Amino acid sequence: MRSAGGPVRARVRDRVAASDPGLLRLAAGLRTAGAIALAVAVLALLGADVTHLVTGALAAMVATFAIREKQRGPQAVTLALGLPVALASMTLAALLHRHLVAGDLFFVALIFCAVYGRRFGDRGTALGLIGFQTYFMSLFVGATVSGLPALCGAVAVAFACSALVRFVLVPETPTGVLERLRSAFRARLAQLLSAQLELLGAGPQEADRALEHVREGTARLHETALLIQGRLEEGTADEAMARLVQRRVADAEIAAERLGLSLLAARGAERADTLAMHLPGAPVPSGSRHPVREEATVTLRRDLEALRLLVLHPVGQASGTALSQVRNRLLAYRDEENLPDASPAVQDAFRAIGEAARAVLGLRIALGGTPDESDDSPATARSREELDAEDAVLDAEEAPSEEPAGLRRPTTRAAVQVAVGSTLAIIGGELLSRDRWYWAVLTCWIVFLNTASTGEILVKGYRRLLGTVLGVLAGIVLAGVVGRHTWTAFALVLLFVFAMFYSAPLSYTLSSFFVTAALGLLYTLLQTYSLSVLVLRIEETALGAACGVIAAALVLPVQTDRRTNELLATVLERLGEVTRSSVDQLSGGPPVELLDQARDLDQALADLRAAVQPLTHPVTPLRARKETARYVVALLETCAYHARALAATAELLPTHPSIAADPRLRRAAGRIAHNIEAIAAHVTDELSTAGLETGPSIASLLGRTVPGAPRYGRVTDRVLRHLQRLDEAVSGLARPLGVPVKASDG
């Protein structure tokens, strides 16, 4: 008899994989907490006192989280170079301990070099981080020249323990990470299908919530797809395999999003409002308030559930007869004669299920699925032939990008800003406390990490201050509970460190809370805890955040509007490239590597989405700008979806028997390209006189309504729909961005 524990464990594993793609957060938390635990255990066996235990714990944490390379070899080199950097930083901190002015000047210089080192890639970033954090740690534990040998020994032990945990106990290989990301993609795809099932049957009261679940599922699936694309080169055996996996992931993502739009259309939404799928908080279109009432809905729900089961079926495990029959039935919907008797919108939903089943089949094959063809139906065999024919790699060299020089270089500008902000933090911090002033410097340093504009720094400073206040309150309670119980305190510190790294990508406020609570326990261990110390921690944090904002606003400032405009122009440029290249290839032009262009578009859009967070933050007082920013990003996500779909279809052109080049598409897309350029010109130059052109629909531009015009196939109709929606979405950017509109003569 089969155990019931297997399916339960599989469901739990899929939920964990979906919530933490690639288990990256879990691995980071375990690796850091494990390095700290091992370092503390080794130092305790060597008879170290509490001060050296704390030193080893902090050094192990720094040595672990600072390393960012993906390959094990470069990680080992950076860790080996980090030890002398840490020892030198600690030695200088001890030597300058009693020389206030010299120590402060050196600290500012170290901060400048640490931030400037980011221009040298992951290794420069890691070594700068190690140097800064070790100097800060030396101030925290009160390093002196007489105690330097023992402290350096504790640091050396911590680095050795970090290496042991990283390479032996909790190893991470690019191949392993990519494999876990693939599992996460399948789990999130299954979650999205569950949300789409909910949307299909949701009543008027539940429709908005169901649509929001679909939006969230779509966004999470896209997030995982981007993570996979970022790990492909290091995690696959060769470039051909990387290209294949990238193509199959993109196909599955587009098919899943199209399925959601088709289901929304089946509920009665006019033209499957694409924007409703990308604008957070947007209600279900008025025509879609009620669920589908047709008889075919029962079959549609059954097939959606069957598709979800196909997605969850383990890769590499042969399909049984029942699953093969289900797969064959779903793939048969790609043929018109197999569609059930229903309204055109519902039939299109069945077509979308067939295309999604094909994408799932391709994904399973690319990820190493067992190619069992014994039970294939003619529709399945044809899908396999199409997938095999598409397995061709197109090489394209990327043009080197020009990087700004001098003070315009982001790393140089950030280094100058942090140096100025840290100087202010040192002066103000020492006025508050001669012993704890370094907390202000740490906060000033941290608010500049991974930020590029004044608004981003302001939001990050606010979140850190809020997390610190909450952490101080928790620290007061924990200090009273723990008292002098050293090992209990260390156990809680480990727990908080794990929670800090696990929650960091989700909530910076939560991460700041955990680190502040852990520091309260470390103060208790060092017997320097008091309520006044924790209150001082809040004051220094507020001061450091304020100094960071002042430096960002006054020294080589990058205003949020300027930053978002630059990124918006980049998104529009990438959108124009993907659209032009896709349409050119669909019109019979030479093949190019479209998936790389689509990935660049996705990355540019992700950067813009992060940059507008200060404008869309819940506490922002500028409500109109908040709604405008959200609307513009939603329109751009709509544009990106249709551009990705065009690129995916164009990639199939050389091998797909049902897709033929149509030279008329190039003329139809001319207006879209012009409008994208006009918007980009207006974003980069407010004095630009370029305006958007409007006119007849894309289909009419191709002569679709002219008697005697050639009849289009289903795939070409889909291309026309994507072009039409892209044209509408691009035109929709005119109003929020203030671009003038002029009617074309045609």
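Note: hydrogens, waters and symmetry copies are ignored here, and every other heavy atom, side chains too, is used. Given the structure is predicted, the values throughout are model-derived calculations rather than measurements.
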query = Can you find a pair of side-chain heavy atoms, one from Gln246 and one from Ile228, that are under 4.5 Å apart?
reply = no

For the student: nearest non-hydrogen atoms of Ala648 and Asp251, plus distance = CB-OD1, 4.0 Å

task = Could you please spell out the steps behind the side-chain contact (heavy atoms from CB on, under 4.5 Å) verdict for Gln196 and His213?
result = CA-CA 8 Å; Gln196 291 172 349; His213 290 168; over 6 Å; no

message = Between Arg31 and Val170 (side chain of the first, backbone of the second, donor and acceptor by atom type, cut-off under 3.5 Å), is there such a pair?
response = yes

Nearest-0.5 Å distance that lies between atom CD in Gln724 and atom CD1 in Ile672 = 8.0 Å

message = Regarding Glu223 and Arg220, does a basic nitrogen lie under 4.0 Å from an acidic carboxylate oxygen?
response = no

Donor-acceptor contact below 3.5 Å, side chain Asp348 vs main chain Ser262 = no

note = Heavy atoms of Thr638 and Ala729 approach each other most closely as CG2-CB, 4.1 Å

inquiry  = Could you go through Asp602 and Arg574, starting from their C-alpha distance and side-chain angles, then the distance that decides it, and tell me whether this counts as salt bridge (Lys or Arg N to Asp or Glu O under 4.0 Å)?
reply    = CA-CA 9 Å; Asp602 288 337; Arg574 300 285 184 268; over 6 Å; no

remark   = Ser582 and Ala643 have their tightest heavy-atom pair at OG-O, 4.4 Å

key: salt bridge (Lys or Arg N to Asp or Glu O under 4.0 Å) evaluation trace for Glu212 with Arg215   = CA-CA 5 Å; Glu212 190 61 35; Arg215 286 194 199 102; 2.5 Å; yes

request  = Show your working on salt bridge (Lys or Arg N to Asp or Glu O under 4.0 Å) between Glu637 and Arg609 and close with a plain yes or no.
outcome  = CA-CA 10 Å; Glu637 288 177 342; Arg609 198 181 298 113; 2.8 Å; yes

Quiz item: cation-pi between Arg463 and Tyr508, 6.0 Å / 45° = no

key: Validation row: Leu227, Phe185 side chains within 4.5 angstrom (heavy atoms)   = no

Backbone of His313 reached by a side-chain donor or acceptor of Arg186 within 3.5 Å = yes

key: Option passing side chain to side chain contact (heavy atoms under 4.5 Å, CB included) with Leu259 (candidates Leu193, Leu192, Ile254)   = Leu193

inquiry  = Restricting to non-hydrogen atoms, name the atom on Arg364 and the atom on Leu310 that form the minimum distance, rounded to 0.1 Å.
reply    = NH1-O, 3.7 Å

request  = Ignoring hydrogens and angles, tell me if any N or O in the side chain of Ser507 forms a donor-acceptor pair with the backbone of Ser503 under 3.5 Å.
outcome  = no

query = Taking atom CZ of Arg302 as the centre, does the number of heavy atoms from other residues, nucleotides or ligands within less than 6.0 Å exceed 12?
reply = yes

message = Using only atom types and a distance under 3.5 Å, with no angle test, would you say the side chain of Glu355 pairs donor to acceptor with the backbone of Arg258?
response = no

Glu257 versus Thr218, side-chain donor and acceptor atoms under 3.5 Å = no

Main-chain N/O of Pro340 paired to Gln347 side chain as donor or acceptor, under 3.5 Å = yes

Shortest non-hydrogen contact from Ala266 toward Val346 = CB-CG2, 4.2 Å

request  = Describe, in one word, how the ring planes of Phe65 and Phe501 are oriented to each other, choosing from parallel (under 30°), tilted (30 to 60°) and perpendicular (over 60°).
outcome  = tilted

inquiry  = Would the distance check show the side chain of Arg308 and the main-chain N or O of Ala190 forming a donor-acceptor pair, the cut-off being under 3.5 Å?
reply    = no

inquiry  = Taking Ser324's backbone N and O only, do any of them form a donor-acceptor pair with Asn328's side chain (distance below 3.5 Å, no angle check)?
reply    = yes

